[in-house]
Amino acid sequence: MISLRGVRKTYASPAGPIEAVAGVSVDIAEGEFVSILGPSGCGKSTLLMMLAGLENITAGSITIAGQPMVGPRRDAGLVFQDATLLPWLSALDNVLFPIKMMRLPREKYVARAEELLHSVGLGDFMEKRPRELSGGMRQRVALCRSLVHTPSIMLMDEPFSALDAITRDEMALVLLDLWARHRKTGIFITHSIREAVLLSDRVLVMTKRPAVVVADVKIPFARPRDESVQDSPEFTAIVARLRGMIEHSIKVAA
Amino acid sequence: MSATQLGDVTPVAVAPPNLERRDLSRHPALQLGLPVLFAAAVLLLWEFLCRAYAVPEVILPTPSAIYARIISAWPFLVQHAVPTGTEAAIGFLLATVLGIALAVLLSYSRWAYAALYPNVIFFQLIPKIALAPLFIVWLGIGSPSRLAFSMFIAFFPVVIATLTGLNATPPDMLRLCKALTARSWQVFLSVRFPYALPHIFSGLKIAVTFAIIGVIVGEFITAQAGLGYLILFASSQAETSLIMASIAMLCVVGLVLYGAVAGLERLILRKYGH
Ligand SMILES: Nc1ncnc2c1ncn2[C@@H]1O[C@H](COP(=O)(O)OP(=O)(O)OP(=O)(O)O)[C@@H](O)[C@H]1O
Ligand SMILES: [Mg+2]
């Protein structure tokens, strides 16, 4: 379980302190997939960076499995908006990059890396360089890379925002499938309400900066899910409700 | 024909677009041929004007006279090209090693950066040629002073390009490394240095031309041997065609050294270019 208790973050800046996150308290169960929705610049990435141990926490605490967060933890997998692959490495070597950086024996992970690439449909592209892959394929490689070292948490910061609409829908299904196989705790930032509802067990709605959580919505669809849940009236109803909440949260804070 | 309903898909016949526009200026034969042709035209015009106006050889020798001088003075030209080329190459290599080393230090030490970087920029801005006589005062008129001066002026573009390159890694990539608890030497070897390579090579291509300038300036002052010395000597004898022949030889030295760097760049960026 990941527990956030009164987590705050204030950045120092030449123009004075910037309060990015103002007291977030949430519990996320192991194996749960949680999406975070909120206005641009509200502090979502900041929260994720604190969860990755890359930003220190100004006040409050984060504990993961009872252990207080002190710095980078090896059991988190990160995915960013940009695939951030190394241009000179093959897809397979990019997936194995965390193994190298963590100084683990490569031989033990090659099979897993290959299997991951197969599972996202890149079995025939393992030796290709990033520039030979499409944007969607690159982001698939990045997803595999975030899982190769068997992390317990996947932290994803708008991983599909840079993709075109069609590829983006496709990637959501790739992630749905990948997550069903691996069942990591997932924290997923997005600006797409539909994407959040399709993928998540819970959706958190945040306010404008400084961010607090104003709504915590449970998504009731059974797992394993597929794209057909999007056609149900409940899906449409939840999306509409969330849209209303987001609009409200922006107005209230303004 | 039935009325189109909402959601009906109407297939549209698409004619293959003719996108092949022929841009002749991009043809490979022209890319090589055109500059050669242009240079040949200039040489011909030069030859013609010199003859038509009977320009004295001391003022401006014809290309054919220069060519004849290159042939007659060939062993002599080679004998002077060797020290110039060797010293420039060594000066360049020293500048490369020291320049990259300083850039790495600056990018890893806040203190070193704060103390040294403004000074590096300061030296980059001053006309370094003016400092050449100092090197003679300190190191004498032999090879060491020319090498040191050549290295000195070639050094700054290497430092600045390497520093720019070492900062070219996308911030998210560095975050990822940090999240994976990578050691800083690992991040340097596997990420930052390879990311810097295209920048480093653009710095090295500037540095190699600077290294030659450094040696020539050194030879102008020390007047011992080398193409710089030969140019100085020929001008004192009013041997304009020998000056021109030496300059032609210098172009060859420059092309060989630059070609070596550009060739290595091609080889390395085939893997590390992006
Ligand atoms: N290193 C930093 N120093 C100072 N201020 C920062 C820093 N990083 C972020 N901020 C500020 O903190 C606020 C929250 O930023 P953050 O990137 O977390 O927002 P976000 O919700 O992820 O936005 P977006 O949806 O656009 O990605 C912003 O106002 C930003 O300007
Ligand atoms: Mg963000």
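Both backbone and side-chain heavy atoms feed into the values below; hydrogens, waters and symmetry mates do not.
Using a cutoff of 4.0 Å between basic side-chain nitrogens and carboxylate oxygens, A:R140 and A:E170 are scored as salt-bridged. A:D27 has a carboxylate O that lies under 4.0 Å from a charged side-chain N of A:R5, or vice versa, which qualifies the two as a salt bridge. Ion pairing of A:R209 with A:E19 is absent here, as no side-chain N (NZ or NE/NH1/NH2) approaches a carboxylate O to less than 4.0 Å.
Your options are A:T84, A:L54, A:L78, and the one with the most heavy-atom pairs under 4.5 Å with chain B is A:L54. The candidate from B:R183, B:K271, B:R175 with the greatest count of non-hydrogen atom pairs under 4.5 Å with chain A is B:R183. Note on B:P170, B:A182, B:C177: by heavy-atom pairs under 4.5 Å with chain A, the leading option is B:A182. Each of A:R103, A:R129, A:R74, A:M49 has some count of heavy-atom pairs under 4.5 Å with chain B, and the biggest count is that of A:R103.
When the shell of 6.0 Å around CZ of B:F123 is examined, it contains 12 or fewer heavy atoms from other residues, nucleotides or ligands.
With a 4.5 Å cut-off on non-hydrogen atoms, A:R145 touches chain B through its side chain but not through its backbone. Proximity to chain B (any heavy atom under 4.5 Å) is shown, for A:L155, by neither the backbone nor the side chain.
If you look at A:W88 and B:Y195, their ring centroids are closer than 6.0 Å.
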